[in-house]
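For reference, the structure is listed below as C-alpha cells.
All ligand and atom numbering here is 1-based and tracks the order in the structure. Start at 1 with the first residue, then count along the sequence. Note that the structure is a prediction, hence the values are computed from the model and not measured.
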Amino acid sequence: MEQINAVITGVGGYVPDYILTNDEISKMVDTTDEWIMGRIGIKERRILNEEGRGTSYMARKAAKQLMQRTKSDPEDIDLVIVATTTPDYRLPSTASILCERLGLKRAFAFDMQAVCSGFLYALETGANFIRSGNYKKIIVVGADKMSSIIDYTDRATCPIFGDGAAAFMLEPTTEDYGVMDAVLRTDGKGLPFLHIKAGGSVCAPSYYTMDNHMHYIYQEGRTVFKYAVANMSSACESIIERNHLSKDELAWVIPHQANQRIISAVTQRLEVPSEKVMVNIERYGNTSAATLPLCIWDFENKLKKGDKLIFTAFGAGFAWGAVYVKWGYDSDTSSSAKSGQNLQKTE
Ligand code: UT7
C-alpha cells in the first residue's frame, strides 16, 4: 500500500484590529519602548478588546478564511483540533464552539493544550489522523487570547503577549510532501518557572486568588529563555540529522515568536541565515499557540512547492519540539497580500 502523507493545503489567519503599542504599555507599567524593543523585539501587539469575544471568535475568522481559500464545504471537514491555552470556557471545548460557528455537521473536535508548543503538537496529531487513511480534511487551529491571562500591572510579562489565530488545512497525499517528521518533547520540571497559580483544580478561584493576581501568567524569564534556546536548537538539530537535511537546502525556519533574542540565538546555533527565518514578532508579540501558523499566514506568498521548512517552539511545561514540513503548493500571490501584510478581512 502506498504511504499516505499529510500535506498542508492552505492557511487562514486573523488578528484583532486593536493595536497595543509600547508607548501605551509604558503608561501602564514602568517600561520603555527602547527596553521592550531591545530585550524582546516587540513594537506592538493585537488585542481582542471587544466585550464578550473570546478565542473562538478569532479561531472562527481564521478557519473561515481557510475554508474559503481551500474551497472547502462544511460537509467535507472530518476533524477540528484547536491548540489553545485560553479556551472560551473551562467546558465545553473551544473546538466544539468553533464547529458550531463554522456550521460543521460531520466533524469531531477537541482542544489541545501544550501552551506555546500547542500548534506543533496539534499539527503532528492531525497528521497522524490523516496518515491513518480514515480522515480526508482536518482543520488545525492555533488560537490564543493571551490578553485574558495577562496582568497589565506586571512589567515582566505584559509587554510580551498578544492575541491572534491561524489555521492550516491538512489533507492526504501519496506524493512526497507534507508533515514529514516531528520531534516532540515534554519535561514537567518547567512548572515553577512558567505557570498560572490559580483557576485549576489545585487552587480554585476565590476572592483571595483574585486579590493576589493569581489568575495571570507568572514567568521566570531568564530560566525560560535558557531552556528555550537549548531545547529548540537541539530539537531542530535532531530533525536535521535524522532527515539528512543539509542546512543549505532548508528554505525556512519558522520559530516560535517569544523573543527576538531567542530566535537569533537558536538560528545562529543552527547556522541558518536570518533571511531564511520567518519573524513577525515585532507586530504581533507572542500569540502563544498562534505564532507558527501566523508566520505562515504572513509569509505564504514566499513559499514554493517543495520548500523544506522546520517549525520549532518552546513553552510552559516545559513542552517543545520541531516539525519538518515539505511545503505542498505554490501560493497564489493574487489571493494573499504582500508578505507581512496579510491582513485580509473575512466576514
Ligand atoms: O513563550 C513562552 C516561553 N517564554 C519565553 O520564551 C520567554 C523567555 N524569556 C524572555 O524572553 C526574557 O527573559 C524576558 C523578555 C521575559 C525578560 O528579559 P530579560 O532580558 O531576561 O530580563 P530579566 O528578567 O533578566 O530582567 C532584567 C532587568 C530586571 O531589573 P534588575 O533586576 O536587573 O534591576 C527587571 O526588573 O530588567 C527589568 N525588567 C524590565 N525593565 C523595563 C523586566 N521587565 C522590564 C520591562 N521594562 N518591561
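Counting atoms of ligand 1 from 1 in the listed order, those under 4.0 Å from a heavy atom of Ile262 are 6 (O), 8 (C). Applying the 4.0 Å criterion to heavy atoms of Thr31 picks out, from ligand 1, the atoms 42 (C), 46 (C), 47 (N), 48 (N). Near Arg39, with a cut-off below 4.0 Å to any heavy atom, the atoms of ligand 1 are 20 (O). Residue Ala258 has at least one heavy-atom neighbour below 4.0 Å for each of these atoms of ligand 1: 1 (O), 5 (C), 6 (O). Of all atoms in ligand 1, listed by their number and element, those nearer than 4.0 Å to a heavy atom of Ile40 are 15 (C). Below 4.0 Å from some heavy atom of Asn286 lie the following atoms of ligand 1, by number and element: 1 (O), 2 (C). Residue-ligand proximity, His256 to ligand 1, at heavy-atom distances under 4.0 Å covers atoms 1 (O). The contact set between ligand 1 and Ile160, taken as ligand atoms under 4.0 Å from a residue heavy atom, comprises 16 (C).
Looking only at heavy atoms of the protein, atom 24 (O) of ligand 1 is closest to Arg222 NE, 4.2 Å. The shortest contact between atom 2 (C) of ligand 1 and any protein heavy atom is with Cys116 SG, 3.4 Å. The protein atom (non-hydrogen) at minimum distance from atom 11 (O) of ligand 1 is Asn259 ND2, 2.7 Å. Of all protein heavy atoms, the one closest to atom 3 (C) of ligand 1 is Val224 CG1, 3.6 Å. Among protein heavy atoms, the minimum distance from atom 28 (C) of ligand 1 is reached at Trp35 CZ2, 4.6 Å. From the protein, the heavy atom lying nearest to atom 4 (N) of ligand 1 is Gln219 OE1, 2.9 Å. Protein heavy atom in closest approach to atom 36 (O) of ligand 1: Arg155 NH2, 3.0 Å. The shortest contact between atom 19 (P) of ligand 1 and any protein heavy atom is with Arg261 NH2, 3.7 Å.
Side-chain polar atoms of Asp144 and Thr84 form a donor-acceptor pair below 3.5 angstrom. Between the side chains of Tyr284 and Asp298, a donor-acceptor pair is found at a separation under 3.5 Å. No hydrogens or angles considered: a donor-acceptor pair under 3.5 Å links the side chains of Thr186 and Tyr121. Residues Ser331 and Asn301 bring no donor and acceptor atom of their side chains to less than 3.5 Å of each other.
Heavy atoms from other residues, nucleotides or ligands lying under 6.0 Å from OH of Tyr89 number 12 at most. Annotation for Met210: atom CE does not count as buried by contact number, only 12 or fewer foreign heavy atoms lying within 6.0 Å. Within a 6.0 Å sphere centred on CD of Glu34, heavy atoms belonging to other residues, nucleotides or ligands number 12 at most.
Contacts of Asp30 with ligand 1, taken as heavy-atom pairs under 4.0 Å, involve the backbone alone. Of the heavy atoms in Ser288, none comes closer than 4.0 Å to ligand 1.
Looking at Gly221 next to ligand 1, an N or O pair under 3.5 Å apart turns up.
One finds a salt bridge joining Glu124 and Arg131 here, because a Lys/Arg side-chain nitrogen approaches an Asp/Glu carboxylate oxygen to under 4.0 Å. Lys43 has a carboxylate O that lies under 4.0 Å from a charged side-chain N of Asp33, or vice versa, which qualifies the two as a salt bridge. Using a cutoff of 4.0 Å between basic side-chain nitrogens and carboxylate oxygens, Asp163 and Arg45 are not scored as salt-bridged.
Distance check on atom 43 (C) of ligand 1: some protein heavy atom falls below the 4.0 Å cut-off. Distances from atom 32 (O) of ligand 1 to the protein include no heavy-atom value under 4.0 Å.
Between the side chain of Ser93 and the backbone N or O of Ser96 there is at least one donor-acceptor pair closer than 3.5 Å. When atom types are taken as modelled, the side chain of Arg90 and the backbone of Gly199 share a donor-acceptor pair closer than 3.5 angstrom. Within the 3.5 Å criterion, the main-chain N or O of Pro16 finds a donor-acceptor partner in the side chain of Arg46.
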